Amino acid sequence: GNVLEAHTVVVAGPKGRVRGDIRAEHVIVSGSVTGEVVATAQLELKAGGRIHGNIHTPTLTIDDGAVFEGRCEMGERAGEPVRAAETAAP
């Protein structure tokens, strides 16, 4: 299921498995996440961690040995999910 914690740190530990979206201020992934990750301050993908899905964050750290498959949104609008209508070609 989804993990929605506005002003907290969410940790998916080495044996953790999340199938759903995560939204928090600071997200640390050492386990496996399948879904969208929105970290409004920082996202850390640790060695052995896996994210399969889109990520949105202003600050991203990916350690050696981590796996990320998806789209990454950073910059002034990072931390907010991109809506399909906003990404559609004109």
Side-chain angles (χ1 to χ4, degrees):
N2 296 334
V3 179
L4 306 173
E5 300 291 335
H7 299 288
T8 60
V9 176
V10 172
V11 178
K15 294 184 179 183
R17 303 286 177 258
V18 177
R19 284 186 169 267
D21 300 337
I22 298 175
R23 181 182 177 89
E25 185 173 346
H26 185 174
V27 179
I28 302 169
V29 178
S30 299
S32 175
V33 175
T34 301
E36 182 174 64
V37 178
V38 178
T40 59
Q42 181 177 7
L43 171 61
E44 298 178 53
L45 182 53
K46 299 295 189 179
R50 303 176 72 86
I51 296 177
H52 296 277
N54 296 333
I55 60 176
H56 310 271
T57 186
T59 305
L60 174 64
T61 303
I62 301 177
D63 290 351
D64 287 343
V67 175
F68 166 59
E69 293 183 15
R71 183 168 172 244
C72 177
E73 177 86 18
M74 295 180 73
E76 66 182 65
R77 292 191 63 194
E80 294 298 324
V82 176
R83 307 286 182 243
E86 294 175 358
T87 60

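Atom set for the values below is all heavy atoms of this structure, side chains included, hydrogens, waters and symmetry mates excluded. For clarity, every value in this text was computed on a predicted model and none was experimentally measured. Numbers for residues simply follow the sequence, beginning at 1.
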- Ile28 reachable from Ile22 in the ILVMFWY side-chain graph, under 4.5 Å edges: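 Shared cluster, no.
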- Below 4.5 Å, heavy atoms only, C-beta onward: do Cys72 and Asn54 meet side chain to side chain?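 Sidechains of Asn54 and Cys72: no contact.
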- Query: Less than 4.5 Å apart, any side-chain heavy atom of Asp21 and any of Arg23?
  - Reply: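 Asp21 does not reach Arg23 side chain to side chain.
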- Minimum heavy-atom separation for Ala39 to Pro58, with atom names?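 That would be O-CD, 3.4 Å.
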- Heavy-atom pair with the smallest gap, counting every atom of Val37 and Val33: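 In terms of heavy atoms, the two residues are closest at CG2-CG1, 3.8 Å.
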- Message: Can you pull out every salt bridge (charged side-chain N to carboxylate O under 4.0 Å, His left out) where at least one residue sits in residues 37-47? Sequence neighbours excluded, please.
- Response: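 For residues 37-47, and leaving out neighbouring residues, the salt bridge (charged side-chain N to carboxylate O under 4.0 Å, His left out) pairs sorted by first residue read Glu44-Lys46.
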- Task: Not counting sequence neighbours, list each pair that qualifies as a salt bridge (charged side-chain N to carboxylate O under 4.0 Å, His left out) and has a residue in residues 47-67.
- Result: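 Output for this query is empty, none listed.
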Rounded to the nearest 0.5 Å, what separates atom [atom1] in [X] from atom [atom2] in [Y]?
| X | Y | atom1 | atom2 | result |
| --- | --- | --- | --- | --- |
| Met74 | Leu43 | CE | CG | 9.0 Å |
| Phe68 | Ile62 | CZ | CD1 | 6.5 Å |
| Glu36 | Glu73 | CD | CD | 10.0 Å |

- Query: Is Arg17 atom CZ crowded by more than 12 heavy atoms from other residues, nucleotides or ligands, each under 6.0 Å away?
  - Reply: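 Check passes, neighbour count above 12.
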- ILVMFWY cluster membership beyond Val67 - transitive side-chain contacts under 4.5 angstrom: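 Its cluster partners, ordered by chain and number, are none at all.
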- Item | Of Val10, Ile51, Val11, the residue whose pairing with Val29 passes side chain to side chain contact (heavy atoms under 4.5 Å, CB included) |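 One option only clears the test, and that one is Ile51.
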- Contacts of type side-chain hydrogen bond (donor to acceptor under 3.5 Å, both in side chains), residue Gln42, not counting sequence neighbours: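 Partners of Gln42 by the side-chain hydrogen bond (donor to acceptor under 3.5 Å, both in side chains) criterion come out as none, since no residue qualifies.
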